[in-house]
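When a ligand or atom number is given, it counts from 1 through the structure's own listing order. Everything numeric here is computed off the predicted structure, so don't read it as measured data.
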Amino acid sequence: MRAYLPSYQLLTPQNVADAVELLARQPGLWKPFAGGTDLMVLLEAGKLEHRNYINIWNLKELRGIEVGDTQLVLGALTTYTEIQSHPVLRAEFPMLCQAASETGGLAIQNRGTLGGNIVNASPAADSPPVLLVYDAELELLSTSGSRSVPYRDFHTGYKQMNLQPQELLARIRLPRSTKGLAHYYRKVGTRKAQAISKVCFAATARTNDELLSDIRIALGSVAPIPIRCVQTEKALRGQRVDSLRKLGRDALAREIVPIDDIRSTADYRIRVSLNLLDDFLTTLH
Ligand SMILES: Cc1cc2nc3c(=O)[nH]c(=O)nc-3n(C[C@H](O)[C@H](O)[C@H](O)COP(=O)(O)OP(=O)(O)OC[C@H]3O[C@@H](n4cnc5c(N)ncnc54)[C@H](O)[C@@H]3O)c2cc1C
């Protein structure tokens, strides 16, 4: 059943200062509305419980991609279309561009934002594993100023996160330290486009004299939150590339805890995750 529109409010502040002022006035009363691609689905289905929104779509301060010497900074409102066409992202963070190109269809890519994907906090979302592997950092803004949170510490439980009701996600920072890394990203879903992931796998690694020196692995849809597989990374780090497969499979099988749901089964998700790790490790030979 569709929602009853007059029971909702949407305010459009002129700048970020006004937006955070509104959020602070009665913490929890107002919530940001960015591209609306997650929120509108709930509205259409009559399941959007929260009633009061702040339209942040026009806030210029939350837009743009800045290229600094040591980091790349994306405004929270950066869309998937903008991500895919950015030359530095394509060269240094190719998995983010690939995830963006496999997120929804063109309309969603034009309207959906990276910030919305992060705060919507779906364990099946496609950008989070990539952001975990690239060691992203989030900048959160409120009337008290800004604070930084490493993305790996942001999701604390299913749909729970290190974000206060009066805070706005303003920027996502990516350290420019990907030179020489091998990148591997796979989204496994029922079909190529417009499908929610059954498993989403992102990994990078560096090899030095046949030894694995810098390996990072993250997965989506295999736990209540997107996870960085630090135990698997630890098991593989410093090992010879040709001896890795069993070691990696055993460690990853211990580290992920997928569930059965309408999209897939836990068993399938484990098998696919292990196969993707195998495939990734094979590419390093
Ligand atoms: C047909 C369809 C296909 C889709 N396909 C995919 C897919 O393949 N992969 C995938 O990962 N997702 C997919 N999505 C989900 C959605 O498009 C993404 O999660 C998108 O990035 C959400 O961004 P948004 O700006 O539209 O968020 P919104 O809907 O505006 O907001 C989502 C949530 O984030 C909060 N929020 C937004 N911005 C901020 C901010 N700056 N600070 C604090 N809170 C904020 C809002 O309050 C809300 O709770 C799909 C959705 C649809 C409808």
Side-chain angles (χ1 to χ4, degrees), residues 8 10-13 16 19-20 22-24 27-45 47-64 74-84 95-96 98-131 138-142 146-147 149 154-155 159-172 185-200 202 220-221 226 263:
Y8 291 89
L10 183 72
L11 296 184
T12 300
V16 165
V20 290
L22 254 177
L23 289 175
L29 181 64
W30 297 95
K31 282 191 177 177
F33 193 106
T37 60
D38 278 312
L39 292 173
M40 288 303 287
V41 173
L42 296 174
L43 182 83
E44 279 294 302
K47 290 182 180 162
L48 188 59
E49 285 173 11
H50 196 85
R51 302 279 145 168
N52 304 306
Y53 290 92
I54 301 177
N55 171 19
I56 58 171
W57 182 254
N58 295 320
L59 299 181
K60 290 192 190 69
E61 300 101 313
L62 304 181
R63 291 207 169 274
L74 298 103
L77 292 175
T78 304
T79 64
Y80 297 110
T81 302
E82 288 163 345
I83 288 172
Q84 287 171 71
M95 296 193 298
L96 192 59
Q98 193 181 339
S101 74
E102 295 181 28
T103 295
L106 285 184
I108 295 296
Q109 291 173 14
N110 284 337
R111 186 79 194 179
T113 66
L114 190 58
N117 201 228
I118 292 170
V119 179
N120 189 54
S122 162
D126 293 319
S127 314
V130 172
L131 297 174
L138 306 184
E139 185 184 326
L140 309 176
L141 212 61
S142 70
S146 74
R147 69 180 176 111
V149 176
F154 185 67
H155 299 289
K159 294 267 179 186
Q160 293 177 346
M161 59 210 109
N162 185 351
L163 176 76
Q164 300 301 314
Q166 68 275 19
E167 286 178 323
L168 200 57
L169 170 56
R171 277 170 273 277
I172 300 112
Y185 177 83
R186 289 286 185 287
K187 164 178 176 167
V188 177
T190 307
R191 52 187 186 172
K192 185 91 179 135
Q194 297 281 34
I196 299 175
S197 293
K198 294 172 193 249
V199 172
C200 182
S221 282
R263 281 189 292 281

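In this structure the side chain of Thr79 never reaches within 4.5 angstrom of the side chain of Asn110, judged on heavy atoms. A heavy-atom distance below 4.5 Å is found between the side chains of Leu169 and Leu140.
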Using residues 27-38 as the side-chain source, report each donor-acceptor pair under 3.5 Å to any protein atom, sequence neighbours left out, with the distance given to one decimal.
{"from": "Asp38", "atom 1": "OD1", "to": "Asn120", "atom 2": "ND2", "distance (Å)": "3.4"}
{"from": "Asp38", "atom 1": "OD2", "to": "Asn120", "atom 2": "ND2", "distance (Å)": "3.2"}

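Around ligand 1 you find Pro32, Phe33, Ala34, Gly35, Gly36, Thr37, Asp38, Leu39, Val41, Ile56, Ala76, Tyr80, Glu102, Thr103, Gly104, Ile108, Gly112, Thr113, Gly116, Asn117, Val119, Asn120, Ala125, Asp126, Leu168, Leu169, Lys187, Gln194, Ala195, each with a heavy-atom distance below 4.0 Å.
Evaluation of the side-chain hydrogen bond (donor to acceptor under 3.5 Å, both in side chains) test over residues 53-62, restricted to residues two or more places apart or in two chains, returns Thr12-Asn55. Each salt bridge (charged side-chain N to carboxylate O under 4.0 Å, His left out) pair with one or both residues in residues 111-131, not counting sequence neighbours, appears once here: Asp126-Lys187.
A distance of 6.5 Å separates CD of Gln109 from OG of Ser101, quoted to the nearest 0.5 Å.
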